[in-house]
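Worksheet: the structure to be examined is printed underneath.
Values reported hereafter were calculated over all heavy atoms of this structure, with side chains retained and with hydrogens, waters and symmetry mates removed. Along the sequence shown, residues are numbered consecutively beginning with 1.
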Amino acid sequence: TMYNKRCFLQNHRDGKVDGRLCVILIYLNEEYNEENGGVLILNGVEKVLPKIGNIAILDLGEFDIEHQVTEVVGNQNRYCVLSFISLKNEE
């Protein structure tokens with residue numbers, strides 16, 4: 001994903017959808033200033049900066065926590081690989 005200026009994600013829960021177990025976020029920005037926005041906020045408290053080496057895994061089964069991404073306000077884009085992991089449907 002790429003968030004540029006004015007992109008954000010409102011506070012929400014992903015919920016159980018189509019057997020989803022978790023979502024994995026792998027951040028790709030080599031350097032990132034928190035003042036530029038684009039920060040993942042977990043449960044309104046914990047912050048995850050979108051800097052390379054930072055990874056977030058959100059459990060969507062047991063602990064579907066509220067999360068949001070603050071608005072990108074600077075000129076630095078926020079890059080992230082996002083992948084939902086699901087159970088294979090055996091039907």
Q) Looking only at atom types and distance, does a side-chain atom of Asp14 sit under 3.5 Å from a main-chain N or O of Asp64, one as donor and one as acceptor? A) no
Nearest heavy-atom approach of Asn11 to Glu66 is ND2-OE1, 3.1 Å
- Task: Answer yes or no: is there a donor N or O on one side and an acceptor on the other, between the side chain of Asn43 and the main chain of Val45, under 3.5 Å?
- Result: no
Residues joined to Ile85 in its hydrophobic cluster, side chain to side chain under 4.5 Å directly or through other members, sorted by chain and number, are Met2, Ile24, Ile26, Leu28, Ile55, Ile57, Tyr79, Val81
| message | Please say yes or no: joined through hydrophobic side-chain contacts below 4.5 Å, possibly via intermediate residues, are Leu9 and Leu42 part of one cluster? | response | yes
**Item:** Heavy-atom check, side chain of Lys51 versus side chain of Asn29, under 4.5 Å
**Value:** no
query: With hydrophobic residues grouped by side-chain heavy-atom distances under 4.5 Å, do Val69 and Leu82 end up in a single group?
result: yes
Heavy atoms of Cys80 and Tyr27 approach each other most closely as SG-CE2, 3.8 Å
Smallest heavy-atom separation, Asn54 atom then Leu49 atom, equals ND2-O, 2.8 Å
* To do: Starting from the C-alpha separation in whole Å, work towards a yes-or-no answer on side chain to side chain contact (heavy atoms under 4.5 Å, CB included) for Val72 and Asn77.
  => CA-CA 8 Å; Val72 175; Asn77 294 337; 5.8 Å; no
Scanning both residues in full, the closest heavy-atom pair of Thr70 with Phe8 reads C-CB, 4.0 Å
In short, Ala56 meets Leu40 closest at the heavy-atom pair CB-CD2, 3.8 Å
Output for pair (Cys22 SG, Leu60 CG), nearest 0.5 Å, gives 6.5 Å
Do Val48 and Ile52 belong to the same hydrophobic cluster, where Ile, Leu, Val, Met, Phe, Trp and Tyr are linked whenever their side-chain heavy atoms lie under 4.5 Å apart, directly or via other members?
no
Smallest heavy-atom separation, Lys47 atom then Glu34 atom, equals NZ-OE2, 2.7 Å
ring-ring contact (aromatic ring centres under 6.0 Å, His included) pairs touching residues 59-78, sequence neighbours excluded, are His12-His67
Report task. Say whether, by atom type as modelled, one donor and one acceptor occur between the side chain of Arg78 and the main chain of Tyr3 under 3.5 angstrom. Result -> no
